[in-house]
Amino acid sequence: MIGKVSVIGSGHVGATAARGIANKELADVVLLDILDGVPQGKGLDMFEACPIEGSDARVLGTNDYADTTGSAVVVITAGLARKPGMSRDDLLQKNAGIIKAVTAEVVKYSPDSIIIPVTNPLDAMCQVVHRESGFPRERVVGMAGVLDSARMRSFIADALKVSVENTHAFVLGGHGDTMVPLPRYSTVAGIPITELLDQATIDAIVTRTAGGGAEIVKLLGTGSAFYAPGSAVVEMVEAILKDKKKILPCAVLLQGEYGIRDLFVGVPVKLGAGGAEQIIEIKLEAGEQAALDKSADAVRELVGVLGF
Ligand code: APR
């Protein structure tokens with residue numbers, strides 16, 4: 001294969017993303033974890049699936065960052081899940097420590113890579129990666145909006161009984177319950193859903209989208225979503241490796257766009273070989289901007305806990 005993609009963290013999301021990248025033959029994949037044997041076992045299992053999938057991607061599981069050398073893209077899913085008795089801030093500090101250590105290794109072995117942080121709380125973790133890596137903002141692109149908008153697309157398709165392929169959804173803001181799904185910019189075959197659905201149905205879709213992660217956590221009992229997050233990572237990796245210049249909602253460092261500065265927040269970006277090559281600014285109505293500001297405030301508060 002031409003390129004190499006490393007996935008740090010071989011848990012649910014990391015393994016699902018790695019498998020998607022290998023199955024689609026996008027690149028060779030290195031799956032790294034601190035757990036001994038787990039990335040090696042999962043990596044070998046995925047490699048053995050490749051003949052059936054018709055993919056010549058090589059998959060290697062490892063504990064050694066030297067194996068990630070020269071990766072074009074590095075996906076970071078390493079982290080801890082929130083445990084009973086652990087506060088949100090405890091988790092924030094613990095995961096920030098993990099992400100800092102992981103980023104140092106990523107930069108050492110893949111100084112030209114594009115990093116896709118996935119670990120939650122996503123927007124704050126992007127900030128840690130950006131600061132620790134010293135990478136330009138184009139090369140730190142967080143995965144959240146693709147997942148959130150995919151959830152919204154599923155609900156729209158379900159409500160209207162149309163193909164998911166006809167749907168398009170825009171979700172802005174932080175990856176949390178303050179996220180801002182935008183019905184006016186969400187369409188079916190180019191038609192805004194505000195023309196197709198009544199307000200109550202739209203409100204229900206918006207609420208369900210914002211609570212999409214929590215809905216799955218509740219159903220699973222332990223752990224959080226990983227199929228859709230894994231697919232979202234694969235879409236971003238593909239856009240970068242194929243230089244597709246695809247407009248996707250991602251968490252990027254804003255420098256005045258949307259009136260927000262020095263903060264990672266989800267907005268539409270053009271994703272290509274250079275990473276987040278352009279931030280797309282769309283016109284917001286006053287209510288939408290207020291909701292985005294509120295979401296940005298929630299991210300700023302989290303980042304503040306980290307002392308940034
Ligand atoms: N270096 C490498 N891997 C690590 C490290 C570290 N320092 N610390 C933890 N890990 C690994 C764990 O060993 C585990 O295999 O990260 C993996 C996390 O996997 P899961 O617990 O299965 O979590 P997952 O469901 O994959 O979610 C990962 O993505 O969507 C977010 O909220 C989610 O923050 C979470 C992350």
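The figures here come from the full heavy-atom set of this structure, side chains too, leaving out hydrogens, waters and symmetry mates. One-based numbering, in listed order, for ligands and for the atoms of each.
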Please state which option from [options] has its nearest heavy atom closest to [atom].
atom: atom 16 (O) of ligand 1; options: Gly79, Pro39, Ala15; value: Gly79
atom: atom 24 (P) of ligand 1; options: Val13, Val118, Leu147; value: Val13
atom: atom 36 (C) of ligand 1; options: Ile98, Thr77, Val233, Leu91; value: Thr77

Can you tell me which residue and heavy atom of the protein come closest to [atom], and the distance to 0.1 Å?
atom: atom 32 (O) of ligand 1; result: Asn120 ND2, 2.8 Å
atom: atom 19 (O) of ligand 1; result: Gly11 CA, 3.2 Å
atom: atom 1 (N) of ligand 1; result: Ile34 CG2, 3.7 Å
atom: atom 13 (O) of ligand 1; result: Asp33 OD1, 2.7 Å
atom: atom 3 (N) of ligand 1; result: Ala78 CB, 3.5 Å
atom: atom 25 (O) of ligand 1; result: His12 CB, 3.5 Å

Look at [X] together with [Y] and state whether they make a salt bridge at an N to O cut-off of under 4.0 Å.
X: Glu215; Y: Arg151; answer: no
X: Asp297; Y: Arg300; answer: yes
X: Arg19; Y: Glu53; answer: yes

Closest heavy-atom contact between [X] and [Y]?
X: Leu263; Y: Gln127; value: CA-NE2, 3.8 Å
X: Val265; Y: Gly174; value: CG1-N, 4.2 Å
X: Asp67; Y: Val30; value: O-CG2, 3.5 Å

Worksheet item: Relative to the ring of Phe226, is the ring of His12 parallel (under 30°), tilted (30 to 60°) or perpendicular (over 60°)?
Response: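 Correct class here is tilted.
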Practice prompt. Below 4.0 angstrom from a heavy atom of Leu35, which ligand 1 atoms are there? Numbered from 1 as shown, please.
Written response: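 So the answer, numbered in order with elements, is 13 (O), 15 (O).
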